Structure formats: C-alpha cells, structure tokens
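Keep in mind it's a predicted model, so treat the numbers as computed, not measured. Residues take their numbers from the sequence shown, with the count starting at 1. Values below: every heavy atom of this structure, side chains too, minus hydrogens, waters and symmetry copies.
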Amino acid sequence: MCGIVGIVGTSEVAAALYDGLTVLQHRGQDAAGIATADGSHLRVHKGNGLVRDVFDAKAMRLLEGRVGIAHCRYPTAGSEGLDEAQPFYVNSPYGIALAHNGNLVNTDALRREVFEQDRRNVNTESDSEVLLNVFAHELDTQKALTPESVFKAVEGVNRRAKGGYAVVATVLGLGLVGFRDPHGIRPLVLGKRATDNGTEYAIASESVALDILGFERMRDVAPGEAVVVTARGELHTRICAENPQHTPCIFEYVYFARPDSMMDEISVHKARMRMGVTLGEKILRERPDHDIDVVIPIPDTSRDAALEISNLLNVKYREGFIKNRYVGRTFIMPGQGERAKSVKRKLNPIPLEFRNRVVLLVDDSIVRGTTSKQIVQMARDAGARKVYLASAAPPVRYPNIYGIDMPSSEELVAHGRSEKEIEELLGCDWLIYQDLTDLEAAVAGPKFPGRKFDSSCFSGEYVTGIEPGYFERIQQLRSDEAKRKRRIAS
C-alpha cells in the first residue's frame, strides 16, 4: 500500500506535491519521492523515511516544473531498500517517471518478458519498475507521443499486467498520465481547480489529498481507465481495458484509508459507522443479555465503529487508550519484533476507564494477533474485570496479494484456527468478528447495494486468479523470517 499524487499546474507544483504526500503519509512510512518535469528536464528526489525527513528546502528548490508526481512507500515484498524508493525513471522513450500503488501477481513472468522480448533491463526487485518498463515499451511501439498513443500503451499494459495497480506517471513532452487496473482494486481519484491562469488537474490515491490542496473532486478514475493531462492543461480520458469489473479492495475501508476520504463514491467515515451498526447487531443477537459496561476503541481506525456499537448497545463509549502520535502505524512496521515493541510505545491505557469494568475493546481488524494480545493484556493490567474483543472485519485467513503486505498464511492468527481457538490465543474472555456479508453490505451502503469487492484476505477468492506456486513464492518474500534474513544480508 502506497500513496500517489500527480499534478499538472499553471505554476510550480513541487510544494503542492509535498503537501499532498503529507496527508497520504498513513499509506506509507518507509520512503518518499517527487519527480517534476520542466520542459525537457526531469528532476527526481527520493529517499527512505517520512516525507518531512526526505525533503528539505534545498531539495525542494531543485524540483522545478509545472508537472509532477509524488509517492510515499509502504514496504511490501521487493520494495524495502533505498533502490526501490519511487518514482522510478527510464529515459526511453522520451523520459518517463512513474509511481505505483499496488502489487502485480505475474511479476516474474513480466520480468522475463521485459528482458527477453522488450530488451529492457529491470535493475531492482520492485514490481513497480517492471510496470514502468512495460508501459515504456508499449508507448515506444506507438511511434508517436499523443494522448491516443498513451491510451494504446495502457491497453497493452492492461493486457500484460495482472494484479492491483494505480499509477501516476509524467512523460516528458506530453504531461501527466494516470491509470487504474481493470478491477479498480487500488483507489485513484481525479480533481481540478481553477486559477487565474487556467485549470489545474490532480490525480491522487485518496480524495483527502485533493481537499487539502483545494482541488474539487471530479470523480474516481474508473477501472481500466487512463487519464492524460497535457502540460497545457488539456484533459483526455478513455477506458483502456476489455470488460473491466469493478471490485475495489475492501480493506481500504476497513483500515487503510483516512475517514475523511471518499472512495468510489463511498464515504470511508460512513462505511465504518455502518460496520459498527452491523457488528453491534450481531453482538445483540449472540448476547442479548450482555454484561458490557463500556466500549473502548483501539485508536484510531476503529473509533467510528466503536461509537455506533456503544449507541446500539446503550452502554458508555470511552477513550481508554492514549496514542503516541510520533509512532507509526503498527500494522505496517517492517518486522514482528519492531511491531511488538511499538505497541507499548504507541498506546498507554487510562486505568480509570478499565478498573472493575467489563470492557468491550473494538478494533478495525485482527491480522497477526500479536498487537491484539498485548492490548488485551494491557486492559487486564489496567484493572478490567473482563475483556471482550470485537473486530469490525471478519477473520483475516488469507494473504492480501494486491498491495497490502499481509504476511504468509501461517503468520495470520486466524489461519487454520477456529474463533474459539483465536479467542484463547489472544487471551480475551470473548471474541466476536464481523460477518463478511455484513461487512460488504456496510461498505456498499444504501447507495450501492450488492456492490462487489475484493475481499480475498477474508474469503480466499482472488479476483484476478492466481497462478500455481504463487503463494509459495510470496511466502518466501513476505514472511517475517524472510524479511529478517534480507535485512541481515543487506
């Protein structure tokens, strides 16, 4: 999971790209980069760390241009070192810089194609560089540089690439390009704003980036659609895939996206509120005579759901944990040891809210279970009489392969275990999960009844299909043990 932004402006865009990245920092804390185009010159600055640490005044002064893209990286498999910081760049054809959110599931086959058929070299382990070279080759075959040739190139990318991807790129001599995979798995939104000198356009992972920059949200980029904005500010769009199927990633709404974002015309905030309603209804069905004294969210993502649960149960809602704002999101920490250490650095309980009470803790989801186990123990140590745990999402039993670095199946606490076994492992007195049908209905809401989602980490059903041996390969890349060995080797 990463954050991407692209802008075509009527003045310099580097500062706006920086500001856009800062509100997408929750999507990636590992590295950041900006590329700007100024006539025939492309300038790139990138590095490991948070946005504020990668860019200083000197770096920003060098990023001249009225067209640019930006990226903040989440450390998925094959994108964990400085060489994999984005945007990536190739000088042929024309000069292209590209940033990518998502994950390809046929990277190995594409890498061979790129080398053997396209005669292009991929210098890193990142699938984003593979995607860049596929796009560059397809554009090169068009023998022209027009919006039409870009659309033909994206058609070629969509035929060859398989997985989840949202892309922004800048092409020297043309402008800004954005496109989304044929399933619309990863989010991408288009916006515009009027200035004294004309209309500016922006493309971003989440609408909140448009909000902060003063852009009006026009619409989401459709599944399989490509957007071209020329350096002169001319907007061109086209669907570049046969039979696109809209199945966005449901985990965006559960955890990753900011609550103030709109995604595919759905308010993330409202979706999480509805998750709380359906989960609260399940609690009442299973325990109509419950003894819950207080509902406490595990900050931050679960607050909307927890508040609705407390309303439905007619019990107190209380903030029981104080969060250290200077510790990153635990879910996307690079190793299990780092995640475990971060929990106590990140959260501290308020004993008065726990003492002698039956507490219902609400979390957005439970992935590895290590964090949940520690938080349950924190609640006990703070004096809770009983600790119940509710997950606004169903059990995560399968890896997410489209850009969220969920580990191999064996590291998922729900994989191969019953809910009772998970309850015992986490040490809570009662564990209750959201049902998948309720989750999907809650996210779709009344505006989009029956909308389909990629819910593969809950159901094991992958919308793109999976080639034999794929899970064995990602286990070698994604397990914490594999990451530990790579860190030692480097």
Can a donor-acceptor pair be found, under 3.5 Å and without considering hydrogens, that links the side chain of [X] to the backbone of [Y]?
X	Y	result
R380	K386	no
R238	F151	no
R417	E421	no
N106	K162	yes
E225	A222	yes
D127	V130	no
E129	T124	yes

Within 6.0 angstrom of [X] [atom1], more than 12 heavy atoms from elsewhere:
X	atom1	answer
D53	CG	yes
L307	CG	yes
K373	NZ	no
E286	CD	yes

Side-chain heavy atoms of [X] within contact of [Y], under 4.5 Å:
X	Y	value
I292	L313	yes
I322	I350	yes
L235	T237	yes
K316	D293	no
V189	I203	no
Y433	I366	yes
V54	N48	no
V413	P395	no

Point to revise | Pairing residues for V359 by the side-chain contact (heavy atoms from CB on, under 4.5 Å) criterion, not counting sequence neighbours | key: V294, I296, F354, R357, L361, A384
Point to revise | Test of ring centre spacing under 6.0 Å for Y462 and Y398 | key: no
Rounded to the nearest 0.5 Å, what separation is found between the [atom1] atom of [X] and the [atom2] atom of [Y]?
X	Y	atom1	atom2	result
L21	C2	CG	SG	11.0 Å
F215	R193	CZ	CZ	4.0 Å
E308	M275	CD	CE	12.0 Å
I69	I4	CD1	CD1	8.5 Å
N348	N324	CG	CG	9.5 Å
L347	R345	CG	CZ	12.0 Å

Review point. Charged N to carboxylate O under 4.0 angstrom, K282 versus D435?
Key: yes
Practice item. Using a strict 4.0 Å threshold on nitrogen-to-oxygen distance, state whether R303 and E319 make a salt bridge. Key: yes
Would you kindly say whether [X] and [Y] are connected by a side-chain donor-acceptor distance under 3.5 Å?
X	Y	result
S391	Q434	no
R186	N103	no
Y165	N158	yes
S456	D454	yes
E206	S261	yes

Point to revise | side-chain contact (heavy atoms from CB on, under 4.5 Å) evaluation trace for L104 with L131 | key: CA-CA 8 Å; L104 303 182; L131 189 62; 4.2 Å; yes
Taking all heavy atoms of [X] and all of [Y], pick out the closest pair and write down the distance.
X	Y	answer
C72	G28	CB-O, 3.6 Å
G280	I309	N-CG1, 4.0 Å
I250	S455	CG2-OG, 3.8 Å
A271	V443	CB-CA, 4.1 Å
L389	S372	CD2-CB, 4.1 Å
M263	Y253	O-OH, 2.8 Å

Practice item. Go through the steps for I7 and L17 under the test side-chain contact (heavy atoms from CB on, under 4.5 Å), then give the verdict. Key: CA-CA 7 Å; I7 298 175; L17 290 167; 3.9 Å; yes
Study note, to complete from the structure: Partner of E281 under side chain to side chain contact (heavy atoms under 4.5 Å, CB included), picked from V277, L284, L279, is V277
**Study point:** Aromatic ring pairing F179/F135, orientation class (parallel under 30°, perpendicular over 60°, tilted between)
**Key:** tilted
Exercise for review: Would you please classify the geometry between the F458 ring and the F251 ring as parallel, tilted or perpendicular, with 30° and 60° separating the classes?
Suggested key: tilted
Exercise for review: Could you please spell out the steps behind the side-chain contact (heavy atoms from CB on, under 4.5 Å) verdict for S310 and V362?
Suggested key: CA-CA 10 Å; S310 75; V362 180; over 6 Å; no
**Study point:** ring-ring contact (aromatic ring centres under 6.0 Å, His included) against F448, all qualifying residues, sequence neighbours excluded
**Key:** none
Check your understanding: Is the charged tip of K46 near the ring of F88: under 6.0 Å from the six-membered ring centre and within 45° of its axis?
Key -> yes
Practice item. Answer yes or no for R287 and Y388: cation-pi contact, defined as NZ/CZ to six-membered ring centre under 6.0 Å and angle to ring axis within 45°. Key: yes
Revision key, fill the gap. Sorted by chain and residue number, the salt bridge (charged side-chain N to carboxylate O under 4.0 Å, His left out) partners of D220 (sequence neighbours excluded) come out as none
Exercise for review: In sequence, state the C-alpha distance, the side-chain angles, and the governing distance for D429 and V358, and then conclude on side-chain contact (heavy atoms from CB on, under 4.5 Å).
Suggested key: CA-CA 10 Å; D429 297 289; V358 177; over 6 Å; no
